[in-house]
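Take a look at the structure below.
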Number of protein chains: 2
Amino acid sequence: MSTADNILVVDDDSEIRTLLQEYLTRHGYRVTAVADGPAMQQAMEDARFDLVVMDLMLPGEDGISLCRKLRAHSNLPVIMLTARGEQGDRIAGLETGADDYLPKPFNPRELLARIKSVLRRARSLPQNLELEDVRLFRFGGWRLATATRQLQTAEGVAVPLSGAEYRLLSIFLRYPGTVLSRDRLTELLRGREHKLPFDRSLDVQVSRLRQRLRDDGRGSGVIRAVRGQGYVFALPVEVER
Amino acid sequence: MSTADNILVVDDDSEIRTLLQEYLTRHGYRVTAVADGPAMQQAMEDARFDLVVMDLMLPGEDGISLCRKLRAHSNLPVIMLTARGEQGDRIAGLETGADDYLPKPFNPRELLARIKSVLRRARSLPQNLELEDVRLFRFGGWRLATATRQLQTAEGVAVPLSGAEYRLLSIFLRYPGTVLSRDRLTELLRGREHKLPFDRSLDVQVSRLRQRLRDDGRGSGVIRAVRGQGYVFALPVEVER
DNA sequence: GGCCTTTGTATCAAAGTGTAACAAGCCGCA
DNA sequence: TGCGGCTTGTTACACTTTGATACAAAGGCC
């Protein structure tokens, strides 16, 4: 490990910002603390972070919305701070799309433990690789050659893929084991945002890709739907450069 | 467990000190009760404590400040007693650094529950998400493969599990022989706390899981209800990594 | 046995997911 | 230019999952 991990804290309460700034710095992290969404955007333009700790309740745009936006174009891990057991907001836990959450008030030690756990998990996943670097992907007997864009079964039979199918598969192959939201997948696939609130076209693409992979969508196949979250590629992937 | 947990109560109201001293002692804790900051410092030099219960409002130096000082050099769990009337989020800032808080006036039983919960959390830090290390669980002839999320009977027949069923089962498999309260199960299952006072949806999930496991809920089956406590997974579990 | 609390589960409604079918666009080619 | 084949976005509908509710069954206590 070269340098300390860089953590971005987003909370409108200055007490908490100060507490976390001190505590996390004392434990060997680099910390930037800001109060709201816009300041967060700014901070993220200025520096690269390894993890975000965010309050669910923020003035202006709330944490869920910020988290969703973040997730639409990055893998940055997020830990959400939530109000404890209040009846008002029903959405309290992992439904926020965060990697982990912690109800307020909390002992900073506990936050530290979760930060470590989330970072460890993030690092255990394959690092972002550029598609250009990879010549061949292997997964569960299948092979995908990038040069020819050809998919082969375990028996060596070539399976034709359309352009979108190939792109979608290669996206999944770059993030095996990571839950990708529909927003994220759509952006990676088409380079633009979802338009309609109930756009199902991504699901249809997934369904088509599944047919190519002989994955019936039920049972625990290759591409698994995670209810309310998105899709995961469920097989281990080997890459050949 | 060697000796009883040692709890330090800091409150200027002598009635509360007496009440807590009695109540917590009766429930098996060692209790020291003091009235203010200086007495607290003194007590902490004389003995080692496992948890502090502190009034937010104290004569002289208040609870926030004491808690902050404490945090500067220790992780000792703190439960803060606060005046009622503030909304959860507004108040959350005040207990910055505390592990939990309880609005006054409070039911001693509620405090007891929080003490137990805070102590449990403080002691079992690395328990949150470490399921991924296990490849296979075996219990009473059944097998659960984590990679494919597939459950198999002793005869090798695959039994489909929904997402929630799989998660609930894997929670039980992580704590075989341990009674898990409904609150705890709900939190582990859904990543948030119980909201409704008489929420039976967890029981329904257990019931559905039992159906998958061909456990009729009567007799001494796989998942046993413990009246007034919660549920236990009643079979021995073998883990394969 | 009454009476109350706790647990088990059928049933319902809402939300989420899978995919067939359609339609619009694109491409190459005669 | 017009035609057929392919690709891809959209819509529609069936099906699954899940949380909630209601009520029956079981357990305790007097």
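Scope of the values below: all heavy atoms of this structure, side chains included, with no hydrogens, waters or symmetry mates. Note on naming: letters A, B, ... go to the chains in the order of the sequence lines (proteins, then strands), and numbering restarts at 1 for each one.
Side-chain N/O atoms of B/Arg190 include none lying less than 4.0 angstrom from OP1 or OP2 on D/dT18. Within the structure, every side-chain polar atom (N or O) of A/Ser162 is placed at least 4.0 Å from both OP1 and OP2 of D/dC6. Note on A/Tyr231: a side-chain N or O is less than 4.0 Å away from OP1 or OP2 of C/dG18. For the pair B/Gln211 and C/dA10, the criterion of a side-chain N or O lying under 4.0 Å from OP1 or OP2 is met. In terms of phosphate contacts, A/Arg182 brings a side-chain nitrogen or oxygen within less than 4.0 Å of OP1 or OP2 of C/dT17. Look at B/Ser201 and you won't find any side-chain N or O under 4.0 angstrom from OP1 or OP2 of D/dG19.
Among the protein residues, B/Arg210 comes within range of the sugar-phosphate backbone only, with heavy atoms under 4.0 Å from sugar or phosphate atoms but none that close to a base.
In this structure, A/Thr82 contributes its side chain and A/Leu56 its backbone to no donor-acceptor pair below 3.5 Å. When atom types are taken as modelled, the side chain of A/Thr186 and the backbone of A/Arg182 share a donor-acceptor pair closer than 3.5 angstrom.
Computed from coordinates, the B/Asp203 CG to D/dA26 P distance equals 16 Å when rounded to whole Å. C/dG8 atom P lies 12 Å from atom CG of B/Leu209, rounded to whole Å. Put simply, CD on B/Gln205 is 14 Å from P on C/dA10, counting in whole angstrom units. The distance from atom CG of A/Leu202 to atom P of D/dG9 is 10 Å, rounded to the nearest whole Å. Note: CZ (A/Arg208) to P (C/dT17) measures 18 Å, nearest angstrom. Put simply, CG on A/Leu180 is 14 Å from P on C/dT17, counting in whole angstrom units. Rounded to whole Å, the distance from CZ on B/Arg200 to P on C/dC12 is 19 Å. One atom, CZ of B/Arg227, and another, C1' of D/dG27, lie 4 Å apart when rounded to the nearest Å.
The aromatic rings of B/Tyr23 and B/His27 are tilted relative to each other, their planes meeting at an angle between 30° and 60°.
For B/Ala225, whose side chain is taken as the heavy atoms from C-beta onward, the closest listed nucleotide among C/dG8, C/dA10, C/dA20 is C/dG8.
Annotation: of the two residues near DNA chain D, A/Arg167 and B/Arg167, the 5′-most nearest-nucleotide partner is A/Arg167.
Between B/Thr178 and B/Arg184, the side chains place no donor N or O within less than 3.5 Å of an acceptor N or O (distance only, hydrogens not considered).
Between the CG atom in A/Leu51 and the NZ atom in A/Lys116 there is a gap of 13.5 Å [rounded to 0.5 Å].
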